[in-house]
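Below, chains carry the letters A, B, ... as their sequence lines are ordered, and counting in each starts from 1. We use all heavy atoms of the structure for the numbers below, so side chains are in, but hydrogens, waters and symmetry mates are not. Please read all numbers here as calculations on a predicted model, not as lab measurements.
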Amino acid sequence: MVDFVLLHRAALAGARSGAFGTSMPEKRITLEALPEGHVLQVLAGRATGDVTALVASLGDGKAQSVRPVGPGQWFVVGDAVLSTVDMAERKARLSGQGSMADQAHGRVRIAISGTDVEAVLAKGTAVDLNLCEFPAGRSAMTLIGHISALITRTGEHAFEILVLRGFAESLWDELIEMSLEFGVDARPPV
Amino acid sequence: MASLIACPHCGPRPKEEFTVRGDAGITRPEPDAGADAWHAYVYLRDNPRGRHREHWHHTSGCRRWLIVERDTVTHAIYSAVDAAATGETA
Ligand SMILES: [Zn+2]
């Protein structure tokens, strides 16, 4: 019996949309809300040894789907919404070596790209994002301004930011402000 | 973002990402240790000048407890290690 219908609303559904800042076509920043598929938080069990390979098997096969957050902690992300059956199947792959919970209701992904994207993010975080220090696939949990976020490089000029749902729109606005000198196209979910 | 702490898991990060708990050299008394021992454990702290070992939590990073040795006069950081690696619990 359902007393009320749950309303699924994308975290960034009402976020600012459109073109902002100066018009520098070759340096333009693109900000894009990614599908709210799955965000699995995985924690290694106590005294289980190295479970990196097991955790890697939880990914959907796409590059950078498995993101280390700290010792024995990962986020496994993807565009697909996982059913209860999918979750049980993935849990089995961990074979009791860790725990796993879908946090897709609580964390959202934002893609940011452009030739000067490192300069944009450097306004908010102290992490060295230079390509040599921070190659594609590298992740860092850090602060962007006062907002906690996981930054992952997905390409030479592209990053993904994983942020708590309640902070997503604030961060979105800040990323637009940080990108104004290059010009920015902001694309929230349609 | 002047003071950088080299987290053993995350690399150099500004102090704003951390929360300080205080002296890492204090041990919890036995439950029946008596009021004086518990009063000292809960309330009394030295205020050392110079080298000091403290528990720091990398709150906005790996969320691990660290033991940071720093100079309370110069703010120089001498070392930062995972608290679990030293066998100490926070
Ligand atoms: Zn850390």
Side-chain angles (χ1 to χ4, degrees), chain A residues 41-50 52 55 67-75 98-99 101 103 106-107 119 121-135 137-153 161-164 166-167 170-171 174 178, chain B residues 1-28 30-31 51-90:
Chain A
Q41 184 167 30
V42 183
L43 299 173
R46 268 177 190 272
T48 44
D50 191 3
T52 312
V55 176
R67 301 174 180 178
V69 189
Q73 308 167 60
W74 296 266
F75 279 117
S99 57
Q103 302 287 317
R107 292 177 195 261
L121 293 176
K123 294 174 186 178
T125 179
V127 173
D128 185 355
L129 296 174
N130 185 281
L131 188 59
C132 309
E133 291 292 322
F134 204 89
R138 182 72 60 85
S139 286
M141 188 62 102
T142 184
L143 288 177
I144 300 178
H146 290 275
I147 298 174
S148 191
L150 180 72
I151 301 178
T152 304
R153 186 191 284 274
I161 299 168
L162 183 67
V163 64
L164 285 167
F167 289 103
S170 289
L171 183 62
E174 281 188 11
M178 288 151 68
Chain B
M1 291 187 175
S3 293
L4 291 177
I5 292 149
C7 174
H9 307 296
C10 308
R13 297 295 182 91
K15 69 169 177 19
E16 285 75 14
E17 291 192 3
F18 298 82
T19 312
V20 196
R21 177 174 176 266
D23 198 336
I26 292 172
T27 43
R28 188 181 175 87
E30 292 299 316
R51 280 194 182 231
H52 193 33
R53 290 172 75 253
E54 291 167 320
H55 281 132
W56 285 57
H57 189 235
H58 196 183
T59 317
S60 300
C62 59
R63 303 196 62 83
R64 296 289 299 181
W65 280 99
L66 309 177
I67 292 179
V68 175
E69 186 170 18
R70 69 179 180 101
D71 193 302
T72 59
V73 179
T74 63
H75 297 298
I77 308 281
Y78 298 111
S79 67
V81 295
D82 193 294
T86 65
E88 297 180 59
T89 51

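- Between B:R64 and A:P71, the closest side-chain pair of non-hydrogen atoms falls below 4.5 Å.
- Residues B:G61 and A:M141 share a closest heavy-atom pair of O-CG, 3.3 Å.
- Of all heavy-atom pairs between A:Q73 and B:C62, the closest is NE2-O, 3.0 Å.
- Remark: the backbone N or O of A:T142 is not paired with any side-chain donor or acceptor of B:E17 at under 3.5 angstrom.
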